[in-house]
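Remember, it's a predicted structure, so these values are computed and weren't measured experimentally. The sequence lines fix the lettering, A, B, ..., with proteins before strands; numbering per chain opens at 1.
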Protein chains: 2
Amino acid sequence: MPRRSYGQLCPIASALDLVGERWTLLVVRELLLGPKRFSDLQVGLPGIGSNILSDRLKELEAASVVSRRRLPPPAASWVYELTDRGRELGDIVLRLGRWGVSSPAFRQSDGTARPEWTVLSLYARYDLSAAMAGPASVELRFGDETYSARIDEGQLTIGRGAATSPDVIVSLDHDTLNRIFRSKGRERNRVANGVTIVEGSRDAFESFLRLFT
Amino acid sequence: MPRRSYGQLCPIASALDLVGERWTLLVVRELLLGPKRFSDLQVGLPGIGSNILSDRLKELEAASVVSRRRLPPPAASWVYELTDRGRELGDIVLRLGRWGVSSPAFRQSDGTARPEWTVLSLYARYDLSAAMAGPASVELRFGDETYSARIDEGQLTIGRGAATSPDVIVSLDHDTLNRIFRSKGRERNRVANGVTIVEGSRDAFESFLRLFT
DNA sequence: CGGTATCCGCAAAGATACTG
DNA sequence: CAGTATCTTTGCGGATACCG
């Protein structure tokens with residue numbers, strides 16, 4: 001059974017043959033911050049259905065976007081991670097996010113909210129022109145989920161897990177972070193007061209926030 | 001009737017809600033080189049079905065990606081064209097093409113071939129590092145279809161229609177252009193001998209080709 | 001735990017006929 | 001030419017049952 005294709009001799013159509021189906025690019029999004037297990041992917045893709053996720057992962061593997069790897073003992077479970085080609089595609093997915101974040105539809109949208117998505121949206125909100133200011137490394141804690149953001153030579157990098165030698169560590173809930181980004185200027189600092197500073201100064205955190213629109 | 005949505009508070013998911021459905025990004029591709037009428041879009045999207053195209057155009061209009069405009073008399077028909085937001089999305093579509101052109105699946109693919117797609121693939125094949133060399137302006141004629149490619153300060157721009165003060169004008173069929181890109185080095189020049197030089201020198205055309213991988 | 005396989009209902013896609 | 005209307009087909013969502 002041949003997979004459905006546009007049947008066009010065109011690089012764009014060919015790319016969409018590989019990754020243009022429903023859910024596929026969201027699977028890539030889920031892997032942007034590092035490898036995940038099947039069940040973690042399910043959590044990050046509410047409503048997908050295990051059969052569809054299974055199909056998509058096989059397709060992505062066939063397209064050399066994702067690879068399946070066994071975790072070293074004692075974990076001994078399987079994880080999916082982006083290949084080099086997958087990370088290239090990931091850049092495009094992030095650009096799509098940058099496009100989406102400035103859309104009226106996004107501002108008015110609501111739905112399931114997850115800390116990881118909002119943290120990922122830092123890539124979309126990051127303002128190159130504002131760089132240089134602010135601390136280089138921030139750790140964000142949402143309950144038991146921890147993320148780190150680092151700015152190095154104007155380049156933003158986000159990861160899962162604790163930061164190494166962070167300038168600021170904050171603890172917050174994801175609703176607060178969302179409200180921070182929906183506000184701006186002085187109002188934003190007011191909302192940001194709901195954030196607990198675990199380590200470092202509040203000023204440092206606020207100047208970090210100024211890097212994002 | 002609410003359109004189908006991922007229901008996630010995430011810029012990437014939100015973008016895919018707007019333009020992630022089947023055919024949508026290919027409609028954007030079709031408009032990358034300028035406005036088109038409904039029937040021209042149908043020609044460029046073999047197999048789409050007029051109802052689907054109609055739906056997609058309405059959705060793209062609602063998302064402010066495409067605008068519908070009446071042509072001045074005596075033409076008096078409607079055309080669809082990209083808005084500013086649509087061109088931003090167009091950049092992403094071109095990046096997807098750049099990703100797709102380097103995929104094994106594309107190299108092995110066949111299917112419907114159209115001159116416009118292959119001309120568009122110049123964006124994907126353009127090698128920044130090779131710039132500076134070659135003529136700045138080339139006109140490509142395929143039967144009654146004419147395209148122009150211009151390089152200005154290392155920036156490639158492609159359009160429909162005749163070039164202004166071209167360095168080279170060539171006449172070819174789209175199969176020849178495809179074979180040119182499937183070959184490389186000395187072999188490529190051999191294939192390129194099948195191209196008719198209408199104006200300018202064959203050397204200039206060959207150095208133009210060296211800008212593309 | 002980490003998936004695969006199957007069934008069922010529905011909504012979107014494909015095909016085509018038709019109309020302003 | 002520019003779509004709309006209708007009908008069929010297919011893929012998706014959801015549930016559940018199964019297997020290493």
Side-chain angles (χ1 to χ4, degrees), chain A residues 1-8 13 16-27 30-31 35-62 66-81 111-112, chain B residues 1-8 13 16-28 30-31 35-63 66-81 111-112:
Chain A
M1 54 185 79
R3 283 204 53 259
R4 181 162 72 160
S5 159
Y6 289 109
Q8 301 179 1
L16 290 171
D17 279 343
L18 294 176
V19 299
E21 275 170 305
R22 191 163 170 78
W23 293 110
T24 305
L25 290 180
L26 290 186
V27 173
E30 286 301 304
L31 297 176
K36 282 194 173 183
R37 294 175 301 175
F38 190 92
S39 53
D40 297 327
L41 288 168
Q42 278 187 302
V43 171
L45 298 167
I48 193 178
S50 54
N51 50 350
I52 304 291
L53 177 55
S54 185
D55 286 352
R56 293 296 175 272
L57 286 169
K58 283 197 195 69
E59 290 156 9
L60 285 169
E61 229 184 316
V66 157
S67 64
R68 189 167 180 264
R69 181 167 59 86
R70 185 181 270 289
L71 238 45
S77 65
W78 296 92
V79 291
Y80 298 87
E81 64 187 343
T112 312
Chain B
M1 54 184 81
R3 282 204 53 257
R4 181 161 72 160
S5 161
Y6 288 109
Q8 302 179 359
L16 290 171
D17 280 343
L18 293 175
V19 300
E21 277 169 303
R22 191 163 167 79
W23 291 110
T24 305
L25 290 180
L26 290 185
V27 173
V28 174
E30 285 302 302
L31 297 175
K36 282 194 174 184
R37 294 175 302 176
F38 190 92
S39 52
D40 296 328
L41 288 168
Q42 278 187 301
V43 171
L45 299 165
I48 192 178
S50 52
N51 51 350
I52 305 292
L53 177 55
S54 187
D55 287 352
R56 294 299 175 268
L57 287 169
K58 283 196 194 70
E59 291 157 8
L60 286 169
E61 230 185 313
V66 156
S67 64
R68 188 167 179 265
R69 180 167 59 87
R70 186 180 268 289
L71 240 43
S77 64
W78 296 91
V79 291
Y80 297 87
E81 63 187 343
T112 311

*Could you tell me whether the phosphate oxygens of D:dT4, OP1 or OP2, come under 4.0 Å of any side-chain nitrogen or oxygen in B:Lys58?*
yes

*So, is B:Ser54 close to the D:dT4 phosphate, meaning a side-chain N or O under 4.0 Å from OP1 or OP2?*
yes

_Less than 6.0 angstrom from the centroid, inside 45 degrees of the normal: does A:Arg22 satisfy that with respect to the ring of B:Tyr6?_
yes

*Under 4.0 Å between a side-chain N/O of B:Arg22 and OP1 or OP2 of D:dT10, yes or no?*
no

*Closest to the A:Ser39 side chain, choosing from D:dG3, C:dG2, C:dG14*: C:dG2

*Between C:dG2, C:dG14, D:dC12, which one does the side chain of A:Arg37 approach most closely?*
C:dG2

*Does a nitrogen or oxygen in the side chain of A:Arg4 sit under 4.0 Å from OP1 or OP2 of D:dT10?*
no

_Can you see if the side chain of A:Tyr6 gets near the phosphate of C:dG14 - specifically, an N or O under 4.0 Å from OP1 or OP2?_
no

*Is the phosphate of D:dA2, meaning OP1 or OP2, less than 4.0 Å from a side-chain N or O of B:Ser50?*
no

*Could you spell out the base pairing of DNA chain C in dot-bracket, with Watson-Crick or G-U pairs whose two distances are under 3.5 Å, [ ] crossing and | to another strand?*
.|||||||||||||||||||

*When all nucleic acid strands are considered with a 4.0 Å heavy-atom cut-off, which category describes A:Gly49: base, sugar-phosphate, or nothing?*
nothing

*How long is the line joining CZ of B:Arg56 and P of C:dG14, in whole Å?*
8 Å

*Can you tell me if the side-chain N/O atoms of B:Ser77 get under 4.0 Å from OP1 or OP2 in D:dC1?*
no

_Any base atoms under 4.0 Å from B:Arg68, or only sugar-phosphate, or nothing? Heavy atoms, all strands._
sugar-phosphate

*Is B:Lys58 salt-bridged to B:Glu61, going by a charged N under 4.0 Å from an acidic O?*
no

*asked:* Side-chain N or O of A:Trp23 versus OP1/OP2 of D:dG13: is the shortest distance under 4.0 Å?
replied: yes

*Quick one: does B:Asn51 reach the base of D:dG3 with a side-chain donor-acceptor pair under 3.5 Å?*
no

*Value in whole Å for how far the C1' atom of D:dT16 lies from CD of A:Gln42*: 14 Å

